[in-house]
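The structure appears below as structure tokens.
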Amino acid sequence: MHRFMRAFGASAVLTLLAPANALACACGCGIFDTGVTSITPQDSASGLSAFVRFSPLDQDRNHEGGHTANADDNADKRIQTEFYTVGLNYVIAQKWQILAELPVIHRNFTTTGADAQGNPVIEKVPMTGLGDALISVTYAGFAADQSTGIGLGIKLPTGRYTGPVDRYGDLPYDRDTVPGTGSTDLQVSAYHVGKISPALRWFAHAQFRFAVATRDAYRPGDEVDGAAGLTYDLQAGKTTLSPVMQVIGAIRAHDSGDNSDPLNSGYQRMLLAPGLRVQITQRLSVYGDVEFPVAQYVNAARSPAIEGTAGQLVAPVMFKMQVNYGI
């Protein structure tokens with residue numbers, strides 16, 4: 001438990017939710033960088049730890065406003081994505097933490113295209129590429145147990161922000177469905193961990209991200225992500241099992257620019273995320289959770305007639321698995 005509190009206290013806060021985040025996608029993938037995994041670096045005598053995160057996402061339901069809508073309203077039909085993220089944490093004197101992470105994204109995008117004769121066709125177009133890298137610094141020296149911290153980060157435009165050409169010579173990917181936003185973003189974050197009993201703790205984490213430099217007439221919407229939850233430690237021999245219950249929320253503003261779709265971008269969302277953290281050895285831990293939307297509202301054009309499409313694709317459930325190792 002003491003080790004877990006030190007890990008909580010030495011923490012930093014990673015990134016955002018996204019259609020905007022270190023990952024750009026049509027339905028807010030920055031959620032994977034919000035919550036308990038963002039404030040629990042792995043124990044390490046050197047201060048250096050590494051992590052690998054895998055997050056699959058299947059967006060196959062068209063949503064307009066606060067309800068499921070007709071799939072025919074949306075020219076996009078399905079977005080199947082696998083996010084592979086690698087990162088490093090470096091804790092300095094239990095007061096400062098430096099974090100760096102880089103995602104690799106594999107995506108199958110099913111959308112409405114046009115064949116050589118101009119007839120509409122439903123096509124699946126795969127793409128694999130780098131996402132946007134994140135570097136952040138967190139200060140946790142406000143309290144002796146490092147239970148409170150604030151952070152500042154920068155998201156770099158390392159991700160691919162142009163889509164592949166399909167077999168008809170067209171570019172089916174929109175700017176909000178490619179791996180990178182093409183923008184440089186700043187991120188401000190904060191966290192706090194409180195003790196209820198020796199085994200039971202609560203935590204809160206929030207972050208705000210906004211673009212400060214953009215490219216090719218596209219600016220991702222500003223985004224606020226937050227999480228609050230409880231974690232409880234159970235000893236099983238030398239292994240510590242820590243069930244986690246989180247509530248995660250996000251607010252994303254409309255995208256802007258000539259290459260954006262402001263009518264069909266931006267959302268508000270709340271998710272319930274039960275999870276489990278397993279401390280296998282002092283250096284090695286594994287975390288996984290399942291995230292269920294309990295309330296969500298997405299911006300959508302009033303009618304497909306306005307620009308030929310209306311709504312956003314959402315996923316009924318999201319998954320995350322992360323392995324941490326102290327070097």
Side-chain angles (χ1 to χ4, degrees), residues 14-38 50-63 74 76-88 99-111 122-134 155-166 171-182 220 223 225 248 250 252 267 269 271 273-276 285-293 296 312-325:
L14 303 180
T15 44
L16 79 128
L17 230 172
N21 232 25
L23 318 171
C25 71
C27 207
C29 313
I31 194 102
F32 301 130
D33 286 319
T34 303
V36 67
T37 55
S38 297
F51 67 88
V52 178
R53 182 168 62 243
F54 172 63
S55 305
L57 184 65
D58 189 357
Q59 299 164 238
D60 62 354
R61 301 182 182 183
N62 190 39
H63 218 72
N74 197 333
D76 299 337
K77 303 305 179 183
R78 191 176 189 182
I79 305 174
Q80 299 165 282
T81 312
E82 296 172 352
F83 302 94
Y84 303 88
T85 303
V86 295
L88 293 172
L99 176 143
E101 66 170 35
L102 180 67
V104 176
I105 299 170
H106 174 70
R107 173 164 291 158
N108 283 304
F109 182 37
T110 303
T111 188
I122 302 298
E123 59 177 343
K124 179 187 288 188
V125 185
M127 179 178 62
T128 300
L130 289 178
D132 291 339
L134 174 74
K155 182 188 72 66
L156 302 172
T158 57
R160 179 175 178 176
Y161 67 96
T162 58
V165 177
D166 65 13
L171 296 169
Y173 277 77
D174 305 314
R175 284 298 300 273
D176 68 344
T177 51
V178 289
T181 64
E223 188 167 344
D225 304 302
I248 302 174
R252 169 76 181 266
Y267 58 82
R269 179 179 299 130
L271 303 100
L276 179 66
S285 70
V286 178
Y287 173 82
D289 68 28
V290 184
E291 301 167 8
F292 302 96
Q296 59 182 334
Q312 299 182 47
L313 296 178
V314 303
V317 64
M318 288 176 274
F319 303 93
K320 175 168 61 180
M321 176 172 286
Q322 183 164 315
V323 178
N324 302 275
Y325 185 76

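Just so we're clear, the structure is a prediction, and the values are computed from it rather than from any experiment. For the numbers below, each heavy atom of this structure counts, side chains included, while hydrogens, waters and symmetry mates do not.
To the nearest 0.5 Å, atoms OG (Ser285) and OH (Tyr325) are separated by 11.5 Å. Between Thr181 atom OG1 and Arg175 atom CZ the span is 7.5 Å, to the nearest 0.5 Å. For the atom pair CG of Asp76 and CG of Leu313, the computed distance is 5.5 Å after rounding to the nearest 0.5 Å. Separation of atoms CZ (Arg107) and OH (Tyr173) is listed at 6.5 Å; rounding is to 0.5 Å. From Asp174, atom CG reaches atom CZ of Phe109 across 5.0 Å, with rounding to the nearest 0.5 Å. Here the CG-CD1 distance, from Asp289 to Ile248, works out to 6.0 Å after rounding to the nearest 0.5 Å.
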Test log, rule side-chain contact (heavy atoms from CB on, under 4.5 Å), inputs Thr85 and Val52: CA-CA 6 Å; Thr85 303; Val52 178; over 6 Å; no
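Contact of the Phe319 side chain with the Met321 side chain is not registered, since no non-hydrogen atoms from C-beta on lie closer than 4.5 Å. A 4.5 Å side-chain heavy-atom check between Thr128 and Ile105 finds every atom pair outside the cut-off. Using a 4.5 Å cut-off on side-chain heavy atoms (C-beta onward), Pro164 and Val125 make contact. Here the side chains of Ile122 and Thr110 are in contact, with some heavy-atom distance below 4.5 Å. Arg53 is not listed as a side-chain neighbour of Phe83, based on a closest heavy-atom distance of 4.5 Å or more. Using a 4.5 Å cut-off on side-chain heavy atoms (C-beta onward), Leu134 and Leu156 make no contact. The closest side-chain heavy-atom distance from Arg252 to Pro220 is below 4.5 Å.
The shortest non-hydrogen separation linking Asp225 to Glu223 is OD1-OE2, 2.9 Å. The minimum heavy-atom distance between Pro179 and Met127, with the atom names listed, is CD-CE, 3.0 Å. The minimum heavy-atom distance between Asp132 and Pro103, with the atom names listed, is O-CD, 3.3 Å. When all heavy atoms of Phe51 and Leu88 are compared, the closest pair comes out as CE2-N, 4.0 Å. In terms of heavy-atom proximity, Thr111 sits nearest to Pro172 at CG2-CB, 3.8 Å. When all heavy atoms of Asp60 and Pro316 are compared, the pair lying nearest together is OD1-CD, 3.8 Å.
Put simply, the side chain of Glu291 never gets that close to the backbone of Met318: no donor and acceptor are under 3.5 Å apart. Using a distance-only test at 3.5 Å, with no hydrogens or angles considered, no donor-acceptor pair links the side chain of Arg160 to the main chain of Gly180. A side-chain donor-acceptor contact under 3.5 Å links Thr158 to the backbone of Gly131.
Partners of Arg78 by salt bridge (charged side-chain N to carboxylate O under 4.0 Å, His left out), not counting sequence neighbours, listed by chain and number: Asp58.
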